[in-house]
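So the structure is just underneath, and the comments pick up after that.
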Amino acid sequence: MDALSETQWIEKKLSEKTGCDVSLRPCGGGEDALLWGGNPYMVYFDGEKAGKRECALVQYILSSLEEGAPQEKNESLKNILLGESPLAIFRFMTRYRIPEGACYALDIVPEKRTEDAGAHIERCLEGSRDMMAVMDGKRICVVKFCAGEQSPYEFGTFLSQSLYEELGVRARVGIGCEEKSFTGIARSYQQAATAVRMSGNFRSKGDVHLYREFLLVRMIEEVPKARLAEYFSQFDVQGAEDLFDDEELLDTAEQFLECNLNASETSRNLFMHRNTLMYRLDKIESATGLNIRNFSDAVTFRIVSIIYKLLNL
C-alpha cells in the first residue's frame, strides 16, 4: 500500500466511523495539527477545517484503527520478510514505529496446530518490541530485537520449550544471523528458513538450529550437482555409499565429530562401551579409507558426507 492509497484508506475508515466526509492534508505542524505516522496533518470535516473536538475524535479513531488491524500488519510484515521493496520497509517502519537497532528472525515450524502456536507465541511477545507474522498454514516468523538479555539460541529454545510445555506441540526453530537494522530482516528470515530446511535434510539432532551451523553446507550446496559428483568421485571413497546408508555407523561418526573427536565423551553420549566405539570407527576407516580420529581425515569425512547427502536429496 503506497502513501497515497494508505491515506485514502484511512480517510474512508474515518468517514465510515464519523458519518462525515473526512479528509487529511499534510501540513507544517502547529497547534491544530494532528499527528499520524509521525507526520502532521490538518483534518477537514465535509470540507470545513475541523475543530479541537473533531481532531481529538479523529486521533482516537486513528489510534484504534492502528491497534485493531493485526491482519493488515501481519500481511505487511510477511511481505517484507519475503523481500518487499526498501520503500515498503520504510513505510512499515514509520507507520508502526519500528525501533532502530539490531534484530534477527526466527522461522518456527510447528508439527501441528499452527494457529494455536501462533496465538501462544503472540502472548509470549506481549509487552516487548518483538513482532510475529504467520507466514502460511505451516510456519511462523518472529522478529526479535536484540536487547542483550538472551542469546538467539536461548530465545529460540525458550519459544520451542514453551510451545511444548503449554500446547504439547513440538516445533523446529531456525535462527537467522543478526542484522544491524530492521531493513535487513528479510535476509535473516531467509537464513532462518534455510536452517529449518537443512536441519530436516541432514536429520540434525535437536529442535533449535542457528543458520551458521550450516554455512559449510550452504557453500557446498551452491556448487552445481555435476561438479559435486565430480568432486565426490575424486575423493575415491570406495565404501561411502554403504556407510551413508548405515544409519548406526553414520550416527556414530556424526556424534564423534560433534564431540570434537573425543572418544570418551562420544561413548558417554551414545551410552556405548569405548571398545564398541573403537570397533565402529575402525569399520568406518575400512569402508572409506578415512581415519576420522585424525583432524584432517575428519574434515574430509565431513565434506564427503555433505556432498553425498546433497547428491541424494
Do you know the tightest heavy-atom contact between [X] and [Y]?
X	Y	answer
A133	N74	CA-OD1, 3.1 Å
I292	L261	O-CD2, 3.5 Å
D207	S160	CB-OG, 3.9 Å
E111	G168	OE2-O, 3.9 Å
I140	I121	CD1-CD1, 4.0 Å
G176	A192	N-CB, 3.5 Å

So, does [X] use its side chain to make a donor-acceptor pair with the main chain of [Y] at under 3.5 Å?
X	Y	value
S188	E178	no
N260	N262	no
R113	L167	yes
E165	S162	no
S15	D21	no
S199	A195	yes

In the single-linkage hydrophobic clustering (I, L, V, M, F, W, Y; side-chain heavy atoms under 4.5 Å), do [X] and [Y] co-cluster?
X	Y	result
F295	F301	yes
V217	V208	no
I175	V196	no
L125	I98	no
L210	V109	no

Got [X] and [Y] here, is their nearest side-chain heavy-atom distance under 4.5 Å?
X	Y	value
R293	F256	yes
L77	M131	yes
I80	Y189	no
K112	R170	no
M132	V143	no
R218	E221	yes
E179	R187	yes
D107	R139	yes

Practice item. Could you give me the CA-CA distance, side-chain angles and deciding distance for E11 and R25, then say whether salt bridge (Lys or Arg N to Asp or Glu O under 4.0 Å) is met? Key: CA-CA 10 Å; E11 289 174 340; R25 296 291 178 267; 3.3 Å; yes
Point to revise | Candidates N275, T252, T266, D251 - the one meeting side chain to side chain donor-acceptor pair (under 3.5 Å) with R280 | key: T252
Exercise for review: Please step through side chain to side chain contact (heavy atoms under 4.5 Å, CB included) for the pair F155 and L106, ending with a clear verdict.
Suggested key: CA-CA 9 Å; F155 181 67; L106 300 91; 3.8 Å; yes
Exercise for review: Go through the steps for V169 and D116 under the test side chain to side chain contact (heavy atoms under 4.5 Å, CB included), then give the verdict.
Suggested key: CA-CA 10 Å; V169 173; D116 291 339; over 6 Å; no
Point to revise | Between F145 and Y104, ring centroids under 6.0 Å | key: no
As an exercise, state the distance from [atom1] of [X] to [atom2] of [Y], rounded to the nearest 0.5 Å.
X	Y	atom1	atom2	value
Y279	L281	OH	CG	12.0 Å
L215	C177	CG	SG	6.5 Å
I185	F92	CD1	CZ	10.5 Å
Q255	S267	CD	OG	10.0 Å
I108	L163	CD1	CG	6.5 Å
N291	D282	CG	CG	8.0 Å

Exercise for review: Can you label the angle between the F232 ring and the Y308 ring as parallel, tilted or perpendicular, going by 30° and 60°?
Suggested key: tilted
Practice item. Please list, chain by chain and in numerical order, all residues satisfying salt bridge (charged side-chain N to carboxylate O under 4.0 Å, His left out) with E48, sequence neighbours excluded. Key: none
Salt-bridge present ([X], [Y]; N to O < 4.0 Å):
X	Y	result
E230	R227	yes
D130	K144	yes
R302	E254	yes

Check your understanding: Residues in side chain to side chain donor-acceptor pair (under 3.5 Å) with S296, at least two apart?
Key -> none
Exercise for review: Could you list all the ring-ring contact (aromatic ring centres under 6.0 Å, His included) pairs where at least one residue sits in residues 110-131, not counting sequence neighbours?
Suggested key: none
Within the supplied structure, the quantity of interest is the number of heavy atoms (other residues, nucleotides, ligands) at a distance under 6.0 Å from [X] [atom1]; does it exceed 12?
X	atom1	result
K283	NZ	no
E16	CD	yes
K49	NZ	no

Practice item. Show your reasoning for whether salt bridge (Lys or Arg N to Asp or Glu O under 4.0 Å) applies to K78 and E75. Key: CA-CA 5 Å; K78 183 169 73 171; E75 194 65 24; 3.6 Å; yes
Review point. Does the side chain to side chain contact (heavy atoms under 4.5 Å, CB included) test come out yes or no for F45 and V22, once each step is laid out?
Key: CA-CA 5 Å; F45 272 59; V22 181; 4.2 Å; yes
Exercise for review: Please test L159 against V142 for side chain to side chain contact (heavy atoms under 4.5 Å, CB included), starting from the C-alpha separation and ending with a verdict.
Suggested key: CA-CA 10 Å; L159 291 180; V142 170; 4.3 Å; yes
